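One structure below.
By convention here, the first residue in the shown sequence is residue 1. Predicted model only: the values in this text are computed from it and were never measured.
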Amino acid sequence: MAELVVVTGPPGAGKSTVAALLVDRFTPSALVTGDTFFAFLARGALPPWLPEAHAQNTVVVDAAAAATGRFVAGGLHVVYDGVVGPWFVDRLAAEVPDLHYVVLLPPLATCLERVATRTGHGFTDADAARRMHREFATADVAARHLVTTATADAAAVVDEIEDRLRHGSLRLRDG
């Protein structure tokens with residue numbers, strides 16, 4: 001049965017690296033990147049990390065959720081890579097109720113270093129990364145959904161996630 005695994009966390013947490021490795025472990029599979037949906041915004045778009053962008057972000061997440069749901073309904077195992085805090089995860093769950101939720105939350109210093117040294121990525125705002133890290137760190141997220149390791153070995157993180165998937169501990173809803 002096709003499933004959805006949401007890989008989320010603040011900027012610099014390693015979402016894209018981990019999601020790309022994780023999706024390769026499923027067949028058939030699809031990688032949905034939340035940033036792609038934000039790239040559809042044209043004139044008047046607000047930076048999504050600003051509080052006043054909440055209504056805009058809701059529309060974008062709903063569009064991404066609808067597309068993601070279609071892939072899962074079509075029989076594909078989907079890994080969703082994007083910033084989906086607990087304040088938005090129910091929007092994805094409305095399309096795919098039985099999803100797995102993984103919050104990558106390495107130490108703030110690790111995230112800030114990664115944001116500062118990344119290449120080929122449009123997001124480099126350290127203050128916004130700091131704010132989003134704080135939002136994830138203080139959010140009401142069950143410990144079973146958190147991956148807090150700071151290791152640079154993304155394959156080891158994927159192994160941990162795969163083990164948790166086998167045991168069902170990453171399901172958003174118990175039972």
Side-chain angles (χ1 to χ4, degrees), residues 1-39 48-49 57 60-72 76-108 110-112 114-115 118 120-123 128-129 132-133 135-137 139-173:
M1 185 166 127
E3 296 185 299
L4 168 60
V5 181
V6 176
V7 178
T8 192
K15 296 180 297 296
S16 296
T17 301
V18 167
L21 291 172
L22 183 61
V23 77
D24 281 342
R25 298 196 182 184
F26 301 108
T27 301
S29 63
L31 176 61
V32 176
T33 55
D35 286 350
T36 300
F37 288 85
F38 281 95
W49 53 89
N57 296 348
V60 172
V61 170
D62 285 349
T68 299
R70 294 291 176 144
F71 284 121
V72 175
L76 296 166
H77 297 279
V78 178
V79 176
Y80 184 95
D81 161 22
V83 177
V84 181
W87 49 90
F88 273 135
V89 72
D90 284 337
R91 304 204 75 91
L92 280 167
E95 295 289 335
V96 184
D98 190 25
L99 65 82
H100 303 273
Y101 189 56
V102 181
V103 178
L104 303 180
L105 194 61
L108 175 60
T110 300
C111 292
L112 292 176
R114 289 174 180 169
V115 166
R118 61 180 26 163
H121 194 290
F123 183 88
M132 284 187 270
H133 188 281
E135 289 172 353
F136 273 99
D140 185 20
V141 177
R144 64 192 174 93
H145 296 291
L146 295 173
V147 176
T148 58
T149 182
T151 182
D153 184 4
V157 172
V158 172
D159 288 342
E160 179 181 345
I161 291 169
E162 195 170 39
D163 186 56
R164 292 190 197 187
L165 287 169
R166 269 193 300 278
H167 291 97
S169 63
L170 293 172
R171 287 198 186 287
L172 183 63
R173 311 278 184 252

- Assess whether side chain to side chain contact (heavy atoms under 4.5 Å, CB included) is satisfied between Leu99 and Val89, documenting all intermediate values. CA-CA 9 Å; Leu99 65 82; Val89 72; 4.2 Å; yes
- Item | Expected output: side-chain Tyr101 to main-chain Val84 donor-acceptor under 3.5 Å | yes
- Where is the tightest heavy-atom contact between Pro107 and Thr148, given as atom of each residue plus distance? CD-O, 4.0 Å
- For the residue pair Phe123 and Trp49, does the interplanar ring angle fall in the parallel (under 30°), tilted (30 to 60°) or perpendicular (over 60°) class? perpendicular
- Note on the structure: Ala156 meets the side chain to side chain contact (heavy atoms under 4.5 Å, CB included) criterion, sequence neighbours left out, with Asp153
- Message: Give me the atom names and distance for the closest heavy-atom approach of Leu21 to Ala155.
- Response: CD1-N, 3.9 Å
- Item | Within-4.5 Å side-chain heavy-atom neighbours: Arg164 and Val147 | yes
- Here the pair of heavy atoms bringing His133 nearest to Leu108 is NE2-N, 3.4 Å
- Thr17 OG1 to Asp81 CG distance, which is reported to the nearest 0.5 Å: 9.0 Å
- Message: Quick check for you: to the nearest 0.5 Å, what is the distance between Leu4 atom CG and Phe71 atom CZ?
- Response: 12.0 Å
- Message: If you count every heavy atom of other residues, nucleotides or ligands that lies below 6.0 Å from Phe38 atom CZ, does the total exceed 12?
- Response: yes
- Message: I want to check something: taking the side chain as every heavy atom from C-beta on, are Val79 and His100 in contact at a cut-off of under 4.5 Å?
- Response: no
- Separation between NE2 (His145) and CZ (Arg171), nearest 0.5 Å, reads 11.0 Å
- Query: If we only count heavy atoms from C-beta on, is the Val5 to Leu170 side-chain gap below 4.5 Å?
  - Reply: no
- Query: Does the side chain of Pro10 come within less than 4.5 Å of Leu105's, by heavy atoms?
  - Reply: yes
- Item | Under 3.5 Å: donor-acceptor pair, side chain of Thr8, backbone of Gly82 | yes
- Note on the structure: Between Val96 and the options Val78, Val72, Leu172, the side chain to side chain contact (heavy atoms under 4.5 Å, CB included) test singles out Val72
- Task: State whether the number of non-hydrogen atoms from other residues, nucleotides or ligands found under 6.0 Å of Arg144 atom CZ is greater than 12.
- Result: yes
- Note on the structure: Taking every heavy atom of Ala19 against every heavy atom of Leu31, the minimum-distance pair comes out as CB-CD1, 3.8 Å
- Heavy atoms of Leu76 and Ser29 approach each other most closely as CD2-N, 3.9 Å
- Task: Report the distance from atom CD of Glu162 to atom CZ of Phe26, rounding to the nearest 0.5 Å.
- Result: 6.5 Å
- Message: Looking at every non-hydrogen atom in both residues, tell me the closest pair between Phe37 and Ala63 and how far apart they are.
- Response: CE2-O, 3.9 Å
- Polar side-chain atom of Lys15 near backbone of Gly9 as donor-acceptor pair, under 3.5 Å: yes
- Task: Please tell me if the side chains of Val157 and Glu160 come closer than 4.5 Å, counting only heavy atoms from C-beta onward.
- Result: no
- Sidechain N-carboxylate O distance under 4.0 Å for Arg91, Asp62: yes
- To the nearest 0.5 Å, atom OH of Tyr80 lies from atom OG1 of Thr68 at 6.0 Å
- Task: Taking the side chain as every heavy atom from C-beta outward, state whether Pro97 and Arg173 have any atom pair closer than 4.5 Å.
- Result: no
- Between CZ on residue Arg114 and CZ on residue Arg118, distance to nearest 0.5 Å: 9.5 Å
